[in-house]
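Shown next, in structure tokens, is the structure this report addresses.
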2 protein chains.
Amino acid sequence: MLGEFEYLIITAAAGLGERAYGATIREEIEASGRSCSIGALYTTIDRLEAKGLLKTWMSDATPERGGRAKRMVSITPSGVNAAKEFYETVMRISRGASWVANQSRSVL
Amino acid sequence: MLGEFEYLIITAAAGLGERAYGATIREEIEASGRSCSIGALYTTIDRLEAKGLLKTWMSDATPERGGRAKRMVSITPSGVNAAKEFYETVMRISRGASWVANQSRSVL
DNA sequence: CCATTACTCACACAATGTAGTACTAACAAT
DNA sequence: ATTGTTAGTACTACATTGTGTGAGTAATGG
């Protein structure tokens with residue numbers, strides 16, 4: 001099973017599409033109010049890659065100040081599956097919990 | 001932040017209400033298709049109690065064969081908050097993800 | 001006394017977090 | 001042009017927290 005942080009990274013990367021790499025993923029995560037240390041980010045990316053849930057490759061350096069080569073990220077089909085399963089597990093578990101709003105609406 | 005298993009236990013206990021203790025929580029979890037070893041269960045209950053997210057106490061023995069005293073569980077207000085936050089974090093993160101169905105409906 | 005129900009313990013492994021290091025390129029000063 | 005400074009990026013080693021295992025122990029009713 002994915003951890004919450006792993007899910008977070010996969011989801012952010014999926015949303016960023018072609019623009020996904022360490023720094024943009026981090027911004028995305030912190031923008032949602034969750035802190036994301038650099039180290040935690042890369043170790044998790046490594047682990048996810050080892051599990052085959054995403055793949056990475058080095059791009060060429062861009063002509064920006066400090067434009068070091070980026071480690072680009074994209075989600076594999078397995079990665080999408082894993083994320084989907086995580087999401088559905090949380091949904092299933094949560095069914096009926098008092099802190100879940102609007103439970104009846106989902107049926108309408 | 002809660003782990004997935006911690007969330008699972010809090011949710012199961014919340015659903016069971018007065019009847020929540022080790023064995024019923026375990027049944028509840030396994031009924032949802034997720035395995036739940038005894039050891040993992042109690043370790044996690046211990047940790048959650050240490051964090052103040054739930055409280056436990058020993059009940060009297062029941063008059064059933066083998067009816068040993070049970071370690072009853074109930075969720076504290078902090079526990080409800082933590083669960084709620086976990087749920088909302090996952091929801092917020094997931095907004096827009098391709099694997100989430102019916103995204104428009106939530107607005108209606 | 002023994003089958004049943006339930007909990008405890010000791011440890012192993014996996015996921016997440018922190019802090020610090022190192023590399024690259026633009027920019028600025030000389 | 002050379003050098004130093006700074007910003008953007010990636011990597012590594014270690015610390016902490018979360019999850020898993022299953023044998024072992026205790027209490028109770030028959």
Side-chain angles (χ1 to χ4, degrees), chain A residues 1-10 12-13 16 19-30 34-51 53-54 56-73 82-83 86 89-90 93, chain B residues 1-10 12-13 16 19-30 34-54 56-73 79 82-83 86 89-90 93:
Chain A
M1 174 70 65
L2 288 179
E4 180 247 348
F5 192 54
E6 294 177 316
Y7 178 69
L8 197 45
I9 287 179
I10 290 186
L16 287 162
R19 308 192 316 285
Y21 65 95
T24 51
I25 292 175
R26 186 175 183 217
E27 280 164 23
E28 191 80 358
I29 290 175
E30 300 221 303
R34 214 267 199 191
S35 81
C36 173
S37 76
I38 313 272
L41 178 66
Y42 285 106
T43 29
T44 303
I45 288 177
D46 287 344
R47 212 179 20 251
L48 289 172
E49 183 164 31
K51 291 200 267 187
L53 304 184
L54 50 78
T56 71
W57 67 95
M58 298 307 287
S59 71
D60 292 339
T62 54
E64 296 167 55
R65 180 186 179 83
R68 184 179 171 186
K70 297 168 175 56
R71 182 176 175 189
M72 308 306 291
V73 169
F86 177 89
T89 301
V90 173
I93 290 167
Chain B
M1 175 68 63
L2 288 178
E4 180 247 347
F5 193 53
E6 294 177 316
Y7 179 69
L8 196 44
I9 287 179
I10 290 186
L16 287 162
R19 307 191 317 283
Y21 67 97
T24 50
I25 292 175
R26 186 175 183 216
E27 280 164 22
E28 189 80 358
I29 290 175
E30 300 220 303
R34 213 267 200 193
S35 81
C36 174
S37 75
I38 312 273
L41 177 66
Y42 286 105
T43 324
T44 304
I45 287 177
D46 287 345
R47 213 183 19 255
L48 288 172
E49 183 164 30
K51 291 200 268 187
L53 304 184
L54 51 78
T56 70
W57 66 96
M58 297 308 285
S59 72
D60 291 340
T62 54
E64 294 165 57
R65 181 182 177 83
R68 188 184 166 183
K70 297 168 176 54
R71 183 176 174 189
M72 308 306 291
V73 169
F86 177 89
T89 300
V90 173
I93 290 167

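Quick note on labels: first sequence line is chain A, next is B, and so on, each numbered from 1.
Of all nucleotides in DNA chain D, those with any atom nearer than 4.0 Å to a heavy atom of chain A start and finish, going 5' to 3', at D:dT6 to D:dT12.
Nucleic acid contact class of B:Gly67 (heavy atoms, under 4.0 Å, all strands): sugar-phosphate only. Nucleic acid contact for B:Arg71: sugar-phosphate only, since backbone atoms but no base atoms lie under 4.0 Å from a heavy atom of the residue. Among the atoms of the strands shown, base atoms are found under 4.0 Å from some heavy atom of A:Tyr42. Among the atoms of the strands shown, base atoms are found under 4.0 Å from some heavy atom of B:Ala40.
When the P atom of C:dT8 is taken as reference, atom CD of B:Glu49 falls 10 Å away, rounded to whole Å. If you take CE of B:Met1 and P of C:dG17, they are 9 Å apart, rounded to a whole angstrom. Following rounding to the nearest Å, B:Asp46 (CG) and C:dA10 (P) show an atom-to-atom distance of 12 Å. Protein atom CD1 of A:Ile29 is 12 Å distant from nucleotide atom C1' of C:dT16, rounded to whole Å. For the pair A:Ile38 CD1 and C:dT16 C1', the interatomic distance rounds to 15 Å; values are reported in whole Å. In this structure, A:Arg68 places its CZ atom 15 Å from C1' of C:dA26, rounding to the nearest Å. Straight-line distance from the CZ atom of A:Arg26 to the C1' atom of C:dG17: 12 Å, rounded to whole Å. Separating the CZ atom of B:Phe86 from the P atom of C:dT16 is a distance of 10 Å, rounded to the nearest angstrom.
Each of A:Gly22 and B:Arg65 lies near DNA chain D, and the nucleotide nearest A:Gly22 is the one positioned closer to the 5' end. A residue-by-residue look at B:Gly3 and A:Met72 shows that A:Met72 has its nearest nucleotide of DNA chain D further toward the 5' end. Toward the 5′ end of DNA chain C lies the nearest nucleotide of A:Ser35, the other residue of the pair A:Ala69 and A:Ser35 mapping further downstream.
Applying the side chain to side chain contact (heavy atoms under 4.5 Å, CB included) test between A:Ile9 and each of A:Val73, A:Leu53, A:Thr44 identifies A:Thr44 as the sole match.
Ionic pairing of B:Arg19 and B:Glu27 is not present here: no N-O contact between side-chain nitrogen and carboxylate oxygen is shorter than 4.0 angstrom.
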Give the intermediate values and the outcome of side chain to side chain contact (heavy atoms under 4.5 Å, CB included) for residues B:Leu2 and B:Leu48.
CA-CA 9 Å; B:Leu2 288 178; B:Leu48 288 172; 4.2 Å; yes
Verdict with reasoning, B:Met1 to B:Thr89, per side chain to side chain contact (heavy atoms under 4.5 Å, CB included):
CA-CA 10 Å; B:Met1 175 68 63; B:Thr89 300; 4.2 Å; yes
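Listed pair A:Lys51 / C:dA15 meets the phosphate criterion, a side-chain N or O lying under 4.0 Å from OP1 or OP2.
Checking side-chain atoms of B:Glu49 against main-chain N and O of B:Thr56 turns up a donor-acceptor pair under 3.5 Å. Side-chain N or O atoms of A:Glu30 include one that pairs as donor or acceptor with a backbone N or O of A:Cys36 at under 3.5 Å.
Using a 4.5 Å heavy-atom cutoff, the side chains of A:Tyr7 and A:Ile10 are not in contact.
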